[in-house]
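Encoded as structure tokens, the structure appears first; notes follow it.
Quick note on labels: first sequence line is chain A, next is B, and so on, each numbered from 1. All values derive from a computational prediction rather than experimental measurement.
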There are 2 protein chains.
Amino acid sequence: MEQVTLKQIAEYLGISIATVSKALKDYPDVSQKTKALVKAEAERLNYQPNSFAVNLRTKESRTIGLIIPEVVHFFFGNIVRAIITQAEKKGYLVIILQSDDNPELEKKQIDLLISKRVDGIMISLANNTVDTSHLQKVMRLGIPLVMFDKISKLIPCSKIIIDDRKAAYEATKHLIDQGCTKIAHFRGPLLPQNSIDRFLGYKKALEDHGLEYNSKHVFLCDPIIYEKGREHAAALLDQDMDIDGIFANTDMVAIGALSVFNERGVKVPEHLKIIGFSNWFISSAMTPTLSTVDQDGIKMGKKVFKRLFKELQAKKNGQILPPETIAMPTKVIGRGSSMLSKTAVAAKS
Amino acid sequence: MEQVTLKQIAEYLGISIATVSKALKDYPDVSQKTKALVKAEAERLNYQPNSFAVNLRTKESRTIGLIIPEVVHFFFGNIVRAIITQAEKKGYLVIILQSDDNPELEKKQIDLLISKRVDGIMISLANNTVDTSHLQKVMRLGIPLVMFDKISKLIPCSKIIIDDRKAAYEATKHLIDQGCTKIAHFRGPLLPQNSIDRFLGYKKALEDHGLEYNSKHVFLCDPIIYEKGREHAAALLDQDMDIDGIFANTDMVAIGALSVFNERGVKVPEHLKIIGFSNWFISSAMTPTLSTVDQDGIKMGKKVFKRLFKELQAKKNGQILPPETIAMPTKVIGRGSSMLSKTAVAAKS
DNA sequence: CGAAAATACGAAAACGTTTTCGGTTATGAA
DNA sequence: TTCATAACCGAAAACGTTTTCGTATTTTCG
């Protein structure tokens, strides 16, 4: 029941603790013979180093922290998954915390991770995080920090993002290409850079294609949930607005809208075309299938960890890497909700 | 940049390390005056105890491990979320590992958690885990272990589950109550107790209501994915099987089937009724809305952590609790895919 | 006033590892 | 044989905390 220690192996073999330790780590100043003996004994006793002691001595925990607004989320879920997998391959364990989009909680969680002495931190900010003092603290302590998806431009750390503006532009352009002329936007909350950029991309696309921008055609979804999609879709119909296309901030919202149109007999895509964002798995299972913007969570998660790992390695060598911002590619996926032809088309971006 | 230690506070105040430590922990043998001084100084220097040292000394990490087959999953996602939240409230951090339904990986991850000296472990087994030696090892080391959802009856630890058999029985009965007489079952893989029990519940319901059980009406979904639902639904139609109801192992499979019926113009629920399992959020957003069995991941997650916490506390007091198996309630949720009336009905269970 | 009891503090060991540095023995060369 | 060198091993410090136990000082009370 009690875990075996170096001391026990040493006593059993009648040698010193130091030699046992060195033998197990293949130090050159231990003979092959004793190495073999020690290793055999360690194996036999099922020795596992006490990581508390190792951590204390080496000052590293081989553990990294991850804070995200929400775990139950197709996009974030994939990121989490990719990060865990990659980290494990490199011998790192991941502590995951969920901020629930609550800046206060986020702050506490950062402190928690710091006090646990994690080697590095990855974070996607809460929607309305404005005070960034907790993040500055992380930087000040020299803990490698990588932000992704929802970032703050104020913090000089590495960031993995997508070009939301460009992606939104292309989603909107897709609707225009399909013949839409009056396009509404179901936007996300006002604060996060994310929703701002998507909104700006939408607006720019309209302007570039000679369509009038009308602020009445922009609906706020805060929070970004299914119900908001339903709500605004219903409003659209009730007010008899002359809309023939919708660019939704997120698939979830688009699906909400879609459900209202299905209920009310509004034909999609004939009467109205709609495109979402994120390419949740479920969007391809809807009727009609939902057009969307593909945003690969797995690739992003990989990138996030890899960047952190690089900074971790650099720190070990006493270096400090200059922050880097990487934009992941996205692509518009045209499906049944925006295209009459049944053949789905993918436009590169 | 360097973290402040007890020693520094002690030197600054000209007192001993021991007194500083005790002052911060409100030991009775420290005067109010010095306590105040120490606390003020600690606050000022932003002291945070080095958890490595604390862990080493106290032999507990205040960290627990969680292994699940898949993070990106509505049900598991909710469980993860609930566990993280509850754990944080009690001062525990959670290390999450994903087994990808791979028994080998699961084994390695258990070893990883043991070597990290987590205080306790929560696990939902991979679908085809048969060798349970790694779990026995956990038990042998006296590490509190709680299994949930996908469990092994061979391990004498606490388990949080649902009564799959009963739930499946009631789902099938629901279809029968709606007038179905030829009911197919899209079942899960052969090994996990889960799918076995759901299958058995289905079979029992048929028999209890005078309907003939026909093994040709049972379709295997392995893995349990959307595509399998589509595949079997298509087969059903192609072979012109005279089926008027489907009980699917999972909502995902039901949604796959639903999409085929939508495409092929099979009216649901008029021609055919269908019910899923798990009550994924998305099931209420489908057209038609999907009937299902509600299985509350959040409640289950809470229960899982609470049980582990209890065992953790007991262990601290040198006790060891007898294992307990808790079944969480489920309930059938009738929606558009199985009921003609638009009003959804919830039958208690 | 003197003894007993209460109060406040600190010395030191312990947790299990890593790593430096010095020492001992064996090896080889002169 | 002698000395330099290489090969191997171990003593000991260090990481930062917690906690026991002893001691010195003060207080209490007969």
Side-chain angles (χ1 to χ4, degrees), chain A residues 1-39 41-42 45-63 91 114-119 141 316 318, chain B residues 1-39 41-42 45-63 91 114-119 141 316 318:
Chain A
M1 161 139 180
E2 273 304 306
Q3 297 271 43
V4 41
T5 68
L6 289 183
K7 197 175 169 185
Q8 292 171 37
I9 300 180
E11 276 170 4
Y12 191 88
L13 294 173
I15 58 178
S16 77
I17 295 176
T19 305
V20 175
S21 172
K22 285 189 285 191
L24 288 174
K25 312 190 87 200
D26 270 328
Y27 269 54
D29 65 341
V30 177
S31 71
Q32 292 303 326
K33 208 184 341 173
T34 42
K35 272 186 192 171
L37 275 174
V38 168
K39 284 181 181 170
E41 191 59 15
L45 295 179
N46 200 2
Y47 169 77
Q48 281 185 313
N50 181 319
S51 60
F52 300 157
V54 176
N55 292 344
L56 178 61
R57 185 54 227 239
T58 62
K59 291 172 178 300
E60 64 163 10
S61 63
R62 300 227 127 220
T63 300
I114 292 176
S115 79
K116 270 284 171 181
R117 301 283 204 280
V118 292
D119 294 340
L141 289 170
K316 273 196 201 174
Chain B
M1 163 139 178
E2 272 305 307
Q3 296 272 44
V4 40
T5 68
L6 288 183
K7 198 176 170 185
Q8 292 171 39
I9 299 181
E11 276 170 5
Y12 190 87
L13 295 173
I15 58 178
S16 77
I17 295 176
T19 305
V20 175
S21 173
K22 285 190 284 190
L24 288 174
K25 313 190 86 201
D26 271 328
Y27 269 56
D29 65 341
V30 177
S31 70
Q32 292 303 326
K33 209 183 342 173
T34 42
K35 271 186 191 171
L37 275 173
V38 168
K39 284 180 180 171
E41 192 58 16
L45 295 180
N46 200 1
Y47 168 77
Q48 282 186 314
N50 182 318
S51 61
F52 299 158
V54 176
N55 292 344
L56 178 59
R57 184 54 225 241
T58 62
K59 292 172 179 300
E60 64 165 9
S61 62
R62 300 226 128 221
T63 301
I114 292 175
S115 79
K116 270 283 169 182
R117 299 286 205 279
V118 292
D119 294 339
L141 289 170
K316 273 196 203 176

Contacting residues from residues 45-56 of chain B, given that a heavy atom lies under 4.0 angstrom of DNA chain C = B/L56
message = Using a 3.5 Å distance criterion without hydrogens, assess whether the side chain of A/S51 forms a donor-acceptor pair with backbone atoms of B/S115.
response = yes
request  = For A/K59, answer base if it contacts any base atom (sugar-phosphate contacts may also be present), sugar-phosphate if it contacts only those atoms, and nothing otherwise; contact means non-hydrogen atoms under 4.0 Å.
outcome  = sugar-phosphate
Under the side chain to side chain donor-acceptor pair (under 3.5 Å) test, residues paired with A/N50 that sit two or more places apart = none
inquiry  = Tell me every residue that passes salt bridge (charged side-chain N to carboxylate O under 4.0 Å, His left out) with B/R117, counting only those two or more places apart in sequence or in another chain.
reply    = none
request  = Under 4.0 Å between any heavy atoms, over every strand shown, what does A/K25 touch: base, sugar-phosphate, or nothing? Just pick one.
outcome  = sugar-phosphate
request  = Please examine the side chains of B/T63 and B/K116, heavy atoms only from C-beta on, and report whether any two atoms are closer than 4.5 Å.
outcome  = no
Within residues 6-16 of chain A or reaching into it, pairs that qualify as salt bridge (Lys or Arg N to Asp or Glu O under 4.0 Å) - sequence neighbours excluded = none
Interatomic distance, A/K59 atom NZ to B/F52 atom CZ [nearest 0.5 angstrom] = 9.0 Å
request  = Mind listing the residues from residues 9-17 of chain B sitting with a heavy atom below 4.0 Å of DNA chain C? Number order is fine.
outcome  = B/I15, B/S16
task = For B/T5, report the nucleic acid contact type (base, sugar-phosphate, nothing); a contact means any heavy atom under 4.0 Å.
result = sugar-phosphate
query = Just how far, in rounded Å, is P of C/dT19 from CG of A/D26?
reply = 14 Å
ask   = Does a side-chain heavy-atom distance below 4.5 Å link A/L24 with A/L6?
value = yes
Short side-chain to backbone donor-acceptor contact, A/T58 and A/V54, under 3.5 Å = yes
key: For DNA chain D, the residues among residues 28-38 of chain B that have a non-hydrogen atom under 4.0 Å from it   = none
Close side-chain approach of A/I15 and A/V38, heavy atoms under 4.5 Å = yes
inquiry  = Any non-hydrogen side-chain atom of A/I9 less than 4.5 Å from a side-chain atom of A/L45?
reply    = yes
